[in-house]
Amino acid sequence: MLNKIKNKISKLFNLPAKILVSMGFAPNLLTFLGLLFSIFSGIFYYFKYIFYAGILVLVSGLLDVLDGAAARVSGKTTAFGGFFDSVADRYGDAIIITSIIISGFCDIFWGILALIGCFLVSYCRARGEAAGVEKMSVGIAERPERLILIASATFSEMFLQRSIYYAIIILVILSHLTVVQRIYYVWKHLR
């Protein structure tokens, strides 16, 4: 959903991406840094420093946008870069949600359902594209939306207890709904 907006405003990320590239930040390095910030956010969730955890989730998401922009502006878009980005994103999602579960911000039932939903959203896209379906950025809970939801709930948790818990439940609903949307989209294009 936000990918449609992101595509329209992607030019806004070109300048920061050019600056980062000129400073020696390769696209794959930005991907790795995004994963590193996800790991640090998980550590902060674990120790219940939720403000810092929320900030790091947002930084991780920003780096996820900038790595692709850096690849485009530097002409270093590669199949491996896309693969590495996708794998790093899945690790990032798993680390953040697992840390939320372990820290007691949500119970294991909803946390596991959220993990499954996040992974299946990505898997549906990969399998759809492998089957020849283009423009698989469909659905209401792509990665940018998920990270914004988690970060917003994390900041809200400082004032409203159980905000993260309810956000994870919303994430479960939206991610599995996105899976259904993508299944329908692929079915429509392949029948």
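Keep in mind it's a predicted model, so treat the numbers as computed, not measured. Computed from heavy atoms alone, side chains included, the values below leave out hydrogens, waters and symmetry copies.
For the pair D67 and D85, the minimum side-chain heavy-atom distance is below 4.5 Å. Annotation: side chain of V73 is not in contact with side chain of L15 (no heavy-atom distance under 4.5 Å). Between L58 and F155 there is a side-chain heavy-atom pair separated by less than 4.5 Å. With a 4.5 Å cut-off on side-chain heavy atoms, I169 and Y165 count as touching. Proximity of S152 to I148: side-chain heavy atoms (C-beta onward) are separated by under 4.5 Å at one or more points. Put simply, the side chain of L66 does not reach to within 4.5 Å of the side chain of F25, judged on heavy atoms.
To the nearest 0.5 Å, the span separating OG1 on T31 from CZ on F84 amounts to 6.0 Å. Atom OH of Y123 sits about 14.5 Å away from atom CD1 of I116, to the nearest 0.5 Å. The OG atom of S175 sits 9.0 Å away from the CD1 atom of I140 when rounded to the nearest 0.5 Å. Between the CD1 atom in I97 and the CD1 atom in I168 there is a gap of 5.5 Å [rounded to 0.5 Å]. Annotation: the span from L149 atom CG to Y166 atom OH amounts to 14.5 Å, rounded to 0.5 Å. Note: L171 CG to R146 CZ = 7.0 Å, rounded to the nearest 0.5 Å.
Taking the charged nitrogens against the carboxylate oxygens, R182 and E142 do have a contact shorter than 4.0 Å, which makes a salt bridge.
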### Task
Using the side-chain contact (heavy atoms from CB on, under 4.5 Å) rule, take E145 and L174 through it: C-alpha gap first, then chi angles, then the decisive distance, then the call.
CA-CA 10 Å; E145 290 92 342; L174 295 180; over 6 Å; no

Go through the steps to decide whether S41 and Y52 satisfy the test side-chain hydrogen bond (donor to acceptor under 3.5 Å, both in side chains), and finish with yes or no.
CA-CA 7 Å; S41 73; Y52 299 110; over 6 Å; no

**Item:** Candidate pair S137 and R125, rule side-chain hydrogen bond (donor to acceptor under 3.5 Å, both in side chains), full reasoning
**Value:** CA-CA 7 Å; S137 294; R125 178 179 184 151; 3.2 Å; yes

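Atom NZ of K76 has 12 or fewer neighbouring heavy atoms from other residues, nucleotides or ligands inside a 6.0 Å radius. Under a cut-off of 6.0 angstrom, the local environment of CZ in R90 is crowded, with over 12 non-hydrogen atoms contributed by other residues, nucleotides or ligands.
Using a distance-only test at 3.5 Å, with no hydrogens or angles considered, a donor-acceptor pair links the side chain of E157 to the main chain of R162. S99 places no side-chain N or O within donor-acceptor distance of the main-chain N or O of Y46, the cut-off being under 3.5 Å. Of the possible donor and acceptor atoms, one in the side chain of S103 sits under 3.5 Å from a partner among the backbone N and O of Y45. Without hydrogens or angle criteria, H176 side chain to L120 main chain gives no donor-acceptor distance under 3.5 Å. When atom types are taken as modelled, the side chain of S22 and the backbone of I19 share a donor-acceptor pair closer than 3.5 angstrom.
For the residue pair G81 and T78, the shortest heavy atom distance occurs at N-OG1, 2.8 Å. Residues G139 and T178 come closest through the heavy atom pair CA-CG2, 3.7 Å. Smallest separation of non-hydrogen atoms from S38 and I95: O-CG2, 3.5 Å. Counting all heavy atoms, side chain and backbone alike, V179 lies closest to V121 at CG2-N, 3.7 Å. Between I164 and A153 the shortest heavy-atom distance is CG1-O, 3.7 Å. A70 approaches S74 most closely through the heavy-atom pair O-OG, 2.7 Å.
When hydrophobic clusters are built by joining Ile, Leu, Val, Met, Phe, Trp and Tyr residues whose side-chain heavy atoms come closer than 4.5 Å, directly or via intermediates, F51 is grouped together with I39. I102 and F105 fall within the same hydrophobic cluster, where Ile, Leu, Val, Met, Phe, Trp and Tyr residues are linked whenever their side-chain heavy atoms come under 4.5 Å apart, directly or through other members. Under the 4.5 Å side-chain contact rule for hydrophobic residues, I96 and I43 share a cluster. Residue I150 is grouped with residue I112 when hydrophobic side chains (ILVMFWY) are merged at heavy-atom distances under 4.5 angstrom, including chains of intermediate members. With hydrophobic clusters built from ILVMFWY side chains whose heavy atoms lie under 4.5 angstrom apart, Y184 does not share a cluster with I173.
Contacts of V133 classified as side chain to side chain contact (heavy atoms under 4.5 Å, CB included), with partners at least two apart in sequence or in another chain: M136, Y185, V186, H189, L190.
F44 and Y49 have perpendicular rings, their planes meeting at more than 60° on a 0 to 90° scale where under 30° would count as parallel.
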